[in-house]
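Proteins get letters first, then strands, A, B, ... in listed order; numbering begins at 1 in each.
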Number of protein chains: 2
Amino acid sequence: MTKEITIYDIARELKLSPATISRGLKSSKVINKGTVKRILEKAEELGYRHNNFASSLRKQKSHTIGVLLHELNSNFITSVLSGIEKITAEAGYDIIIAHSGESYEKEVSNVTNLFHKRVDGLIASLSFTTENLDHFKLFFEKNIPVIFFDRADENSDSTHVIIDNYKCGYTVTQHLVEQGCKRIVLLTSNLKRNVYAQRHRGYVDALFDAGIPYNKKLVMIKDLGEESAVAAAHEILKMKPRPDGLFVTNDFKAAVCMQELKRNGVKIPEDIAIVGFNNDAISKLIEPQLSTVNYPGKDMGEITARNLVNHLKGEGNIATTRRIIVKSDLIIRGSSLRKKVHLPL
Amino acid sequence: MTKEITIYDIARELKLSPATISRGLKSSKVINKGTVKRILEKAEELGYRHNNFASSLRKQKSHTIGVLLHELNSNFITSVLSGIEKITAEAGYDIIIAHSGESYEKEVSNVTNLFHKRVDGLIASLSFTTENLDHFKLFFEKNIPVIFFDRADENSDSTHVIIDNYKCGYTVTQHLVEQGCKRIVLLTSNLKRNVYAQRHRGYVDALFDAGIPYNKKLVMIKDLGEESAVAAAHEILKMKPRPDGLFVTNDFKAAVCMQELKRNGVKIPEDIAIVGFNNDAISKLIEPQLSTVNYPGKDMGEITARNLVNHLKGEGNIATTRRIIVKSDLIIRGSSLRKKVHLPL
DNA sequence: TTATAAAATGTAACCGATTGCATAAGTTTT
DNA sequence: AAAACTTATGCAATCGGTTACATTTTATAA
């Protein structure tokens, strides 16, 4: 364990004060250019490394942003992450990633932990089972900025970056109707999560506008696991009359479901047309390829991070922005495309 | 921005010294039990939060472990992560996750950053393009422990946790031979990475043992992208005579490849039997289901983290352990199972 | 050449928890 | 009742960088 080099060591060697070294290391303009050069060279020579603890302690800033994710295992979330990283890195912030694994308890402990770590700001996506935002109070009270993305509480005053889930739900349902579906199952998750609630509303309204009566029995609320997707498929198989359309609010679940339906002799999209959600890699690899809603993860990540960074730098204020909506669109593939499109001659 | 509560505030209120508060907050046995209780209650009452910066500065320990990943987007890696988290959390360590996105430059900057953040230890998996371990020198020189998992440099002295890639390569190839394959393509990546090099060696030896001549043209080295998997499929289609076996060292690539082959009328497994690697979720969802090698991610994560934590606590020394091999096994599914197995009567 | 402003550097007080050593009070031993 | 421990708490230095303010040096204006 070699001794650590500090600014005092550099100061001694160059016969300067620690203050000058501190400023010089940051290439401050108040320090003579030549001096700055000598300081940087000496620092390099001695193997100096900046002490974040001392710096953060004094500045009362960690220069770190916390990122709280509900999961890490989807294309979508890793795209968001890369967007966040790009922006925060450019702005010189470090990030600490915490993921809740969809568990409310873990989310609470992560939030508390990030709070104790004194992150300067927080980017968060709520877990599947989160019921309220009480655990974020710590942040709100101390005015530490928090921005939610994707999974947010739309009723709270907090700033959030989302897609128009209502419109997506509407568009997907409308698309299935156009493909001739009359009995469309919605396989979704906890309606307390804004993303699922809004998609559900879109589904309901699209059916209404198409003159198709809403049938509560066709809405299935399941968790995100593989087993529940298999179970859902079996329920669908037992329904009489058999549904002819299926809108699953998650690609993985849609894929599992489709597989199970196919195994039981259901033809996709002829018997049942299916649309997923998220445009995960999997959607292009299964057969038939899955129609889905493209989620602009990277954009969401960049927008979210940029807002937070600007706020931290004082060039903007997230408190004045409540909601930012990012574009998303329906990708139609084999799992739902039934009719040949005839262009008018 | 409310003022932060410190141990001095608590000390003043309770008419005790800061030293006693500091000890009391950790429920030290040298402090009277009643006093500890009063301290903890007062801390709670005032909304005290521990200052990691001051503590780390003084203790010269961050109580944080750096985790350097090559990517985040696979089942395997997220399992590893959950294993690491489980163990480190139990031991009271925080983790900082950095991922290189398979880029050597990013890896270097991440390693440097984690070094400056003064992590107490590092868990790492090398990026696809990493050529040497020079950037870890900082850690080695200061005796900060580093453990590699999965992607490691097996020739260096560093401690690493891996699976027996040689055996896996051998077993997969042997399995394909048993299925009647005579011309087996190996679609793999950069042989400088130990994982790919070892699998390649296993492939070569299994062919040799089966009396099948090694044909260099059947070994295709490609990067990890989707495009290169498609390109590989096309090369295979052009080969004469057509290969009858395909071993892809990555499930995603195997899936893309299989899709492209099927599109071109190749029957799986009759014309070409395919085996992937990693047992990603995707392997069970495509058709036919993909035979693959199960990678015990969570186990690897736990073992790696446990070794590091024990080392940090002084209850073990990673310097004495060079290599830990975790069990893995072949999962045979539809993509490679050709012959009906006839049990002897 | 002196007055004045600008540039460069220094002084010293923080930031908040930790811990070796000292002290004080209480208990047991002789 | 004095000596020898135990137990509980306090003192004060330390970790290393930052920054308001002061001081010195240098450049420019009068």
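Proximity of Thr20(A) to the phosphate of dG10(C): a side-chain N or O atom is located under 4.0 Å from OP1 or OP2. Listed pair Asn32(A) / dA8(C) meets the phosphate criterion, a side-chain N or O lying under 4.0 Å from OP1 or OP2. Considering only side-chain N and O atoms, Ser56(A) lies nowhere under 4.0 angstrom from the phosphate OP1 or OP2 of dG17(D). For dT9(D), the OP1/OP2 oxygens have a side-chain nitrogen or oxygen of Thr35(B) closer than 4.0 Å. Gln60(B) has a side-chain polar atom (N or O) that falls below the 4.0 Å cut-off from OP1 or OP2 of dG16(D).
For the pair Arg193(B) and Phe128(B), the cation-pi test (distance below 6.0 Å, angle within 45°) is failed.
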Test side chain to side chain contact (heavy atoms under 4.5 Å, CB included) applied to Ile147(A) and Ser158(A), step by step: CA-CA 7 Å; Ile147(A) 303 196; Ser158(A) 55; over 6 Å; no
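In this structure, Tyr8(B) places its OH atom 13 Å from P of dA12(D), rounding to the nearest Å. As rounded to whole Å, 8 Å separates atom C1' of dA17(C) from atom CG of Asn51(B). When rounded to the nearest whole Å, the span between CG of Asn52(A) and P of dG17(D) equals 10 Å. If you measure from atom CD1 of Ile31(B) to atom P of dA17(C), you get 15 Å, rounded to the nearest angstrom. Computed from coordinates, the Lys59(A) NZ to dG16(D) P distance equals 17 Å when rounded to whole Å. As a whole-Å value, the separation of Glu4(B) CD from dA17(C) P is 9 Å. Nucleotide dT6(D) holds its P atom 17 Å from the NZ atom of Lys29(B), rounded to whole Å. Here dA13(C) presents its C1' atom at 8 Å from CZ of Arg58(A), a figure rounded to the nearest Å.
The aromatic ring centres of Phe115(B) and Phe136(B) sit 6.0 Å or more apart.
Position along DNA chain D of the nearest nucleotide to Ala54(B) versus Ser17(B) favours Ser17(B) as the more 5'-ward residue. Comparing Ala19(A) and Ala19(B) by the nucleotide of DNA chain D whose heavy atom lies nearest to each, the residue mapping closer to the 5' end is Ala19(B). DNA chain C is contacted by both Arg38(A) and Phe53(B); Arg38(A) maps to the nucleotide lying nearer its 5′ end (nearest heavy atom per residue).
For dG10(D), its base sits under 3.5 Å from the side chain of Arg23(B) at one donor and acceptor pair at least.
Using a 4.0 Å heavy-atom criterion, one finds that Thr6(B) contacts the sugar-phosphate atoms exclusively. If you check every strand for non-hydrogen atoms under 4.0 Å, Lys33(B) touches nothing. At a threshold of 4.0 angstrom between heavy atoms, the contacts of Lys61(A) with the nucleic acid are absent. Nucleic acid contact class of Leu25(A) (heavy atoms, under 4.0 Å, all strands): none. Using a 4.0 Å heavy-atom cutoff across all strands shown, Ser55(A) reaches sugar-phosphate atoms only and no base atom.
For the helix from dT1(C)-dA30(D) to dT30(C)-dA1(D), the terminal axes (five pairs an end, C1' atoms, rotation from four pairs onto the next four) enclose an angle of 40°, given to 10 degrees.
Ion pairing between a basic and an acidic side chain is recognised when a charged N comes within 4.0 Å of a carboxylate O; Glu45(B) and Lys42(B) show such pairing.
The list of ring-ring contact (aromatic ring centres under 6.0 Å, His included) pairs with a residue in residues 72-92 of chain A, not counting sequence neighbours, reads Phe76(A)-Tyr295(A).
Only one option out of His99(A), His135(A), His70(A) pairs with Glu107(A) in a side-chain hydrogen bond (donor to acceptor under 3.5 Å, both in side chains); it is His135(A). Among the candidates Leu126(A), Leu224(A), Thr130(A), the single residue satisfying the side chain to side chain contact (heavy atoms under 4.5 Å, CB included) test with Glu102(A) is Leu224(A).
Ring geometry for Tyr48(B) against His50(B) counts as perpendicular: the plane angle is over 60°, on a 0 to 90° scale with 30° as the lower cut.
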